[in-house]
Engineer: 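Before I ask anything, here is the structure I am working with.
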2 protein chains.
Amino acid sequence: MFHITRKADYAVRGMVHLASQPADQITLLAEMAMKVDVPQALMAKIFQHLAKVGLVRSFRGARGGFQLAKPPKGITLLDIVEAIDGPIAMNRCIIEEGACGRESFCTVHPVWKKIQGKLRDELRRVNLQDLATR
Amino acid sequence: MFHITRKADYAVRGMVHLASQPADQITLLAEMAMKVDVPQALMAKIFQHLAKVGLVRSFRGARGGFQLAKPPKGITLLDIVEAIDGPIAMNRCIIEEGACGRESFCTVHPVWKKIQGKLRDELRRVNLQDLATR
DNA sequence: TTTATTAGGACCAAAAAGGTCTTAATAGAG
DNA sequence: CTCTATTAAGACCTTTTTGGTCCTAATAAA
């Protein structure tokens, strides 16, 4: 239908929550999941991945949890959404090189490309500081 | 992953093809499907639907086929994509009213709304005349 | 009446989305 | 050193969506 996935939405929710906490605080997965209304096991998956790509830091063991890896201002909606959903593309043909075979003459191709550029720009313009509720 | 569906892509291809033909010509489904490299049975489904929503006219029986229902300039990418994929929405919460329960306080909600507005504007800005190869 | 062609709907397979569960690793507290 | 709290990793599952086929009916022209 054309929208970000629920996982990406959940990721954004969680990140906004982290951004709303004191910068050096380590937040429990359980608490975060509960606060933003996401199944904890799924939130775990999502944040494991965000940790792997370097958007958050994770700490294991007792007193463990998550915190932002950068100041909120340095993390954009685009970062989060693409970390979870993969690169934003208006159409398959833009990412899967040669998957279409019509690029050479297709008049729509460059249009998709341009629009997707603008969309990414918009998402890049919004950062976690803008979204934090503190 | 965040892109229009293949059906929407196929629809656009077909519509561009129609726009590239003389205005009053009736184009065979089989020809159109072949020319733009789409399975004919699927193309049939897609154009049946485009006919139902009034973007194309269809003619049954011998010498039947399809033609645009309006001048190419009056049909936009947004028209076609939304006819097939449904309304464009950055996030579920924007269309499925009350499906989220967080709208009242969610700081991201209005952001999704704004960005999706811009995206729709961009898609509305491109019409079939721009895309026709004639 | 025959033939060409779209309409409609049932049906199906593959992929993606959304989510759970189990086990391992690890860090801190006693 | 051991126990406990907590994330990591990955297997696994269910539901929904996507992409597609096929058959039968309607219809228009020759």
Side-chain angles (χ1 to χ4, degrees), chain A residues 1-11 13-14 18 25-34 36-67 69 81 84-87 89 91-93 95-96 99-100, chain B residues 1-11 13-14 18 25-34 36-67 69 81 84-87 89 91-93 95-96 99-100:
Chain A
M1 193 220 281
F2 200 74
H3 45 59
I4 61 168
T5 63
R6 210 171 297 208
K7 279 184 195 174
D9 179 34
Y10 291 168
R13 288 191 204 179
L18 288 190
Q25 178 171 323
I26 294 177
T27 302
L28 266 178
L29 172 69
E31 184 200 314
M32 179 167 50
M34 205 240 293
V36 302
D37 200 33
V38 172
Q40 179 174 334
L42 184 52
M43 198 60 142
K45 284 281 143 241
I46 293 168
F47 270 76
Q48 276 166 31
H49 191 243
L50 291 178
K52 210 178 298 184
V53 301
L55 289 180
V56 300
R57 266 191 291 273
S58 70
F59 303 89
R60 313 220 267 196
R63 314 261 257 131
F66 296 88
Q67 69 184 187
V81 171
I84 302 296
D85 282 351
N91 201 347
R92 290 190 127 84
C93 58
I95 13 171
E96 294 170 26
C100 157
Chain B
M1 192 219 284
F2 202 73
H3 44 59
I4 61 168
T5 63
R6 211 172 297 207
K7 278 184 195 174
D9 179 34
Y10 290 168
R13 289 190 203 179
L18 288 190
Q25 179 171 322
I26 293 176
T27 302
L28 264 180
L29 171 69
E31 185 202 312
M32 178 167 51
M34 206 239 294
V36 302
D37 199 34
V38 171
Q40 180 173 335
L42 184 51
M43 198 61 140
K45 284 280 144 242
I46 293 168
F47 270 75
Q48 274 167 33
H49 192 243
L50 291 177
K52 210 177 298 183
V53 301
L55 289 178
V56 300
R57 265 190 292 273
S58 70
F59 303 89
R60 313 221 265 197
R63 314 261 259 129
F66 296 88
Q67 70 183 187
V81 171
I84 302 296
D85 282 352
N91 201 346
R92 290 189 127 85
C93 58
I95 14 171
E96 294 170 26
C100 160

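All of these numbers come straight from a predicted model, not from anything done at the bench. Chain identifiers are assigned alphabetically (A, B, ...) following the order of the sequence lines, protein sequences preceding nucleic acid strands; residue numbering begins at 1 within each chain.
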Engineer: Between His3(A) (NE2) and dT18(D) (C1'), how many Å, whole number?
Structural biologist: 12 Å

Engineer: When you measure from the side-chain N and O atoms of Arg92(B) to the phosphate of dG18(C), is any distance below 4.0 Å, counting only OP1 and OP2?
Structural biologist: yes

Engineer: Please tell me which of Ala30(A) and Phe2(A) maps to the more 5' nucleotide of DNA chain D, matching each residue to the nucleotide holding its nearest heavy atom.
Structural biologist: Ala30(A)

Engineer: Taking only the side-chain heavy atoms of Gln48(B) (C-beta and beyond), determine which of dA7(C), dT21(D), dG18(C) contains the nearest atom.
Structural biologist: dA7(C)

Engineer: What is the distance, to the nearest angstrom, from the CZ atom on Phe47(B) to the P atom on dG8(C)?
Structural biologist: 15 Å

Engineer: Which pairs with one or both residues in residues 37-66 of chain B pass ring-ring contact (aromatic ring centres under 6.0 Å, His included), sequence neighbours excluded?
Structural biologist: Phe47(B)-Phe66(B)

Engineer: Nearest to the side chain of Ala62(A), heavy atoms from C-beta on, is which of dA4(C), dG28(C), dT7(D)?
Structural biologist: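 Of the options given, the side chain of Ala62(A) lies nearest dG28(C).
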
Engineer: Using atom CG of Leu42(A) as one end and atom C1' of dT7(D) as the other, report the distance to the nearest whole Å.
Structural biologist: 15 Å

Engineer: Is the backbone N or O of Thr5(A) less than 3.5 Å from a side-chain atom of Asp85(A), with the two atoms forming a donor-acceptor pair by type?
Structural biologist: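 Such a contact is found between Asp85(A) side chain and Thr5(A) backbone.
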
Engineer: Rounded to the nearest Å, what distance is computed from the NE2 atom of residue His49(A) to the C1' atom of nucleotide dG18(C)?
Structural biologist: 16 Å

Engineer: Of the candidate nucleotides dA7(C), dA17(C), dT7(D), which contains the atom at the shortest distance from the side chain of Thr5(A)?
Structural biologist: dA17(C)

Engineer: Is the shortest side-chain N/O distance from Arg63(A) to OP1 or OP2 of dT6(D) below 4.0 Å?
Structural biologist: no

Engineer: Counting distance only, does the side-chain N/O of Arg57(A) pair as donor-acceptor with the main-chain N or O of Gln67(A) below 3.5 Å?
Structural biologist: no

Engineer: Can you check the Ile84(A) CD1 to dA16(C) C1' distance for me, whole Å?
Structural biologist: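 Spelled out: CD1 on Ile84(A) to C1' on dA16(C) is 15 Å.
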
Engineer: Report which part of the nucleic acid Phe59(B) touches: base, sugar-phosphate, or nothing (heavy-atom distance under 4.0 Å, all strands).
Structural biologist: sugar-phosphate

Engineer: Can you check the Ile4(B) CD1 to dT18(D) P distance for me, whole Å?
Structural biologist: 12 Å

Engineer: If the cut-off is 4.0 Å, is Arg60(B) near the phosphate of dA7(C), judged by side-chain N/O to OP1 or OP2?
Structural biologist: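 False: Arg60(B) side-chain N/O out of range (4.0 Å or more) of dA7(C) OP1/OP2.
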
Engineer: So if I take every side-chain heavy atom of Ala41(B) and compare against dA7(C), dT6(C), dT21(D), which nucleotide ends up nearest?
Structural biologist: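 Ranking dA7(C), dT6(C), dT21(D) by closest atom to the Ala41(B) side chain puts dT21(D) first.
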
Engineer: Is the shortest side-chain N/O distance from Ser58(A) to OP1 or OP2 of dA8(D) below 4.0 Å?
Structural biologist: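 Indeed, a polar side-chain atom of Ser58(A) lies that close.
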
Engineer: Please report, rounded to the nearest Å, how far the C1' atom of dA28(D) is from the CG atom of Leu28(B).
Structural biologist: 14 Å

Engineer: Any idea which of dA17(C), dC22(D), dC21(C) is nearest the Lys45(A) side chain?
Structural biologist: dC21(C)

Engineer: The side chain of Lys52(B) is closest to which nucleotide in this list: dG8(C), dG19(D), dA11(D)?
Structural biologist: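 The listed nucleotide nearest to Lys52(B)'s side chain is dG8(C).
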
Engineer: Would you say that Val36(B) contacts Met43(B) through its side chain, given a criterion of any heavy-atom pair below 4.5 Å between the two side chains?
Structural biologist: yes

Engineer: Tell me whether the side-chain N/O atoms of Tyr10(A) come closer than 4.0 Å to OP1 or OP2 in dG19(C).
Structural biologist: yes

Engineer: Let me know the distance between CD1 of Ile46(A) and C1' of dA8(D), rounded to the nearest Å.
Structural biologist: 15 Å

Engineer: Under 4.0 angstrom, heavy atoms only, what part of the nucleic acid is Phe66(A) near: base, sugar-phosphate, or nothing?
Structural biologist: sugar-phosphate

Engineer: Let me confirm one number: the CD-CD1 distance from Glu31(B) to Ile26(B), rounded to the nearest 0.5 Å.
Structural biologist: 12.5 Å

Engineer: Apply the test side chain to side chain contact (heavy atoms under 4.5 Å, CB included) to residues Asp9(B) and Ile84(B): give CA-CA distance (whole Å), side-chain angles for both, the deciding distance (0.1 Å), then the verdict.
Structural biologist: CA-CA 9 Å; Asp9(B) 179 34; Ile84(B) 302 296; over 6 Å; no

